[in-house]
*Asks:* 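Dropping a structure here in structure tokens format, bear with me for questions.
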Amino acid sequence: MAHQAPLFSRVAVIGLGLIGGSLAAAIRQHGLATTVVAADRRADELQTGLKLGVIDEAAESIAAAVKGADLVVLAVPVRAIEPVLEELRANLDPTALITDVGSTKGSFVASVRAVFGEVPANVIPGHPIAGSEKSGVSAARANLFENHKVILTPLDDHQPQALARLTALWEGCGATVLTMSVERHDEVLAATSHLPHLIAFSLVDTLAGEDDNLDIFRYAAGGFRDFTRIAASDPVMWHDIFLSNRDAVLRVIDHFNQDLEQLRQAIERQDGALLLRVFSRAKAAREHFSKMLSGQAYVTTMNQKQVTFHLSPGGSMTGDIRVPGDKSMSHRSIMLGALADGITEVEGFLEGEDSLATLQAFRDMGVTIEGPDNGYVKIHGVGIDGLQAPRGPLYLGNSGTGMRLFAGLLAAQAFDTELTGDSSLSKRPMGRVADPLRLMGAVIDTADGGRPPLRIKGGQPLKGIHYDMPMASAQVKSCLLLAGLYADGTTSVTEPAPTRDHTERMLTGFGYPVHRNGATAAVNGGGRLAATRIDVPADISSAAFFLVAASITPGADLTLRHVGINPTRTGVINILRLMGGDIELFNEREVGGEPVADIRVRQAPLKGIRIPEREVPLAIDEFPVLFIAATFAEGETVLTGAEELRVKESDRIQVMADGLAAVGVQTTVTDDGIIIPGGQSISGGTVDSHGDHRIAMSFAVASLRAEGDIKVLDCANVATSFPGFVELAAGTGIQIRAEEA
Ligand code: NAP
């Protein structure tokens, strides 16, 4: 960065210990002040600070340090704040910004009030959430705050300019700044920091008392060491913190005692179910918190990586495979399993974004769910009226389906709920479900423009309605049918065009009657769901890549097992058959209300067709790979009536046309589709998938008939929708290698 004027001219740090020293060092290292001066009651600490280059100047006294300072940082133990303020008061420049780093904020504000009679507008309390068990300036590190949070707790009448400068200072040290009220800070820290320290101190002390020789620690495993690390923290500092944050700490100790006693009793009366429920809820919550705190989508591990597919031309397509489970069905199996009476076992569960978020939400509402473990999930259903009030908002990550389906389900519960999601979900409109639910009697608040969070008021009796959907949406239909389970009378929904009917089928699979008549589906409220076993059918959208791969590859012969062939999803089979594909369905059966079959595909000479518009909604996700089939077909393929493709994860028509052009294939993009002249060959080249998993996988399929190497960029999302794609593709004969950066 170019040289800019430092943010402050003279920073006075009072208390040159671990935190004061680290902040001083960071300020110097990043050039955030012209001079950093410190005062401490220990002259040797100041000398060490000078020697280590942590500070520019050591002051004789606190009064001398603050003279002429435009920023004063109090980094002494919290109970020393008041005497220190008394001491610096006379020499303080009235315009100087004053802040602190103390672990409790109510006590700091009280000390400021006691000394100044008020909290001046240029006082901004602060607390870096970083540190260690060590103390003293020799433990100070300039990078201590990098990638850590700093909480600032400005009071109502603070000076905005002061807050902005202090924020810039901490950000300059590499920290992320959050602001909250003093009270909220003290409550949050009582729970997340103070209570754990108290427990660690107490546990180590208890165990030490149980065995005079401390012999017991000889056998301590790594878990004990991790768990009690913080019991090595400075006793004086912590004694200060507990005395300063008394009320908030007492509240959380009482809550903890109560829960601990409940566990004690459960062990006493051999209540394994309660233990299992609490432990699995805690385990899941532990995994969930990190996602939630960062406001990220539920499944993010792969997204942060850059993944590139490298494909060599040619290859074969043979084998007997099963592709991952269907997302919509995985998701709904959890919902209905949770509401059913008895235990539902699910196999072939797709551990994707939506279903994991849904699983966590039900755990938050008291449902015990074991797994997922290699696609196996066991749900201890609580019955249609057995959900319990969650302790906080239900976080649904990126799942729009989740939010819309939950809105229907939760509108009918006895308790209030709040539904939140990541930043992208928070932009999506929820009015399309909130409006008809309100007609049923639900009370739902949304943010501006009908967006999340949704606040749903409990205890509202719902009445059945008939709803003519203004747009074709399986999510809206499903939402209303789920609310209809609880409504008085009949709830019926008519759709203007066919949409996926997984909710209706799965309700039937759980023994709940759904009446279907043409474009209308209806349920009567007041029934119950019976637990079942579901072997989630393989996702036909994932199978589609292999259907096309085998159709275009010389000598191909591939069997796909247990594929869902719900008629609202089989457009890809119908279209490939119209093009001359050799696709045979056998072993047809029904699972959880859904039709499934094994599928055998062999290579066949394909011909270009005009795709019937009635097939378009049934194959909407499969067009990218169908375009690859069209490229090798004989004659022209014309797609019309597919405007929706332009607003998917990417503008799929344009992105596919660009990708095809990059490997030498000519197409003509139209307003609502594309024209692909057949009989073309694919040279090599580099394709940007724009993060669209289906585009990435389509070009992996294209490589089977390509004449040169193909590189596909931005493929990380493939792992979310189709875990194991690269291995399965390589196993059946695609010459693929994924490279992670
Ligand atoms: P530390 O390493 O012990 O440093 C505190 C320094 O302040 C010591 O040099 C201490 O001297 C000096 N001091 C104490 N009373 C004083 C007084 N009346 N006048 C002048 N100097 C005085 O402690 P720390 O870990 O940096 O903690 C400082 C503050 O940061 C505390 O309020 C703490 O709550 C907060 N904090 C700590 C952590 C952490 O993990 N350590 C994290 C976040 C916030 P003596 O050695 O003579 O006592």
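Counting starts at 1 for both ligands and their atoms, in listed order. FYI, side chains are in, hydrogens and waters are out, and symmetry mates aren't considered; it's all heavy atoms of this structure.
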*Asks:* Determine whether the side chains of Gln360 and Asp364 contain a donor N or O and an acceptor N or O closer than 3.5 Å.
*Replies:* yes

*Asks:* Suppose we screen for side-chain contact (heavy atoms from CB on, under 4.5 Å). Which residues come up paired with Ile267, at least two apart in sequence or across chains?
*Replies:* Leu275

*Asks:* By the side-chain hydrogen bond (donor to acceptor under 3.5 Å, both in side chains) test, which pairs, at least two apart or in different chains, include something from residues 93-112?
*Replies:* Asp93-Thr95, Asp100-Lys105, Thr104-Ser107

*Asks:* Quick test of your reading: applying side-chain hydrogen bond (donor to acceptor under 3.5 Å, both in side chains), list the pairs with at least one residue in residues 32-51, sequence neighbours left out, ordered by first then second residue.
*Replies:* Arg42-Asp44

*Asks:* Starting from the N and O atoms of ligand 1, collect every protein N/O partner closer than 3.5 Å and put each pair on its own line with the distance to 0.1 Å.
*Replies:*
unit_1: ligand 1; atom_1: 2 (O); unit_2: Leu18; atom_2: N; d: 2.8
unit_1: ligand 1; atom_1: 2 (O); unit_2: Gly136; atom_2: N; d: 2.8
unit_1: ligand 1; atom_1: 9 (O); unit_2: Asp40; atom_2: OD1; d: 3.4
unit_1: ligand 1; atom_1: 9 (O); unit_2: Asp40; atom_2: OD2; d: 2.7
unit_1: ligand 1; atom_1: 26 (O); unit_2: Leu18; atom_2: N; d: 3.2
unit_1: ligand 1; atom_1: 26 (O); unit_2: Ile19; atom_2: N; d: 2.8
unit_1: ligand 1; atom_1: 32 (O); unit_2: Val76; atom_2: O; d: 2.9
unit_1: ligand 1; atom_1: 34 (O); unit_2: Ser103; atom_2: N; d: 3.3
unit_1: ligand 1; atom_1: 34 (O); unit_2: Ser103; atom_2: OG; d: 2.7
unit_1: ligand 1; atom_1: 40 (O); unit_2: Ser132; atom_2: N; d: 3.3
unit_1: ligand 1; atom_1: 40 (O); unit_2: Ser132; atom_2: O; d: 3.4
unit_1: ligand 1; atom_1: 46 (O); unit_2: Arg42; atom_2: NH1; d: 3.3
unit_1: ligand 1; atom_1: 47 (O); unit_2: Arg41; atom_2: NE; d: 3.0
unit_1: ligand 1; atom_1: 48 (O); unit_2: Arg41; atom_2: NH2; d: 2.9

*Asks:* Measure the spacing between CD of Gln262 and CG of Leu274 and express it to the nearest 0.5 Å.
*Replies:* 5.0 Å

*Asks:* Determine, stepwise, if the pair Glu146 / Arg141 fulfils salt bridge (charged side-chain N to carboxylate O under 4.0 Å, His left out).
*Replies:* CA-CA 10 Å; Glu146 271 172 28; Arg141 289 192 284 116; over 6 Å; no

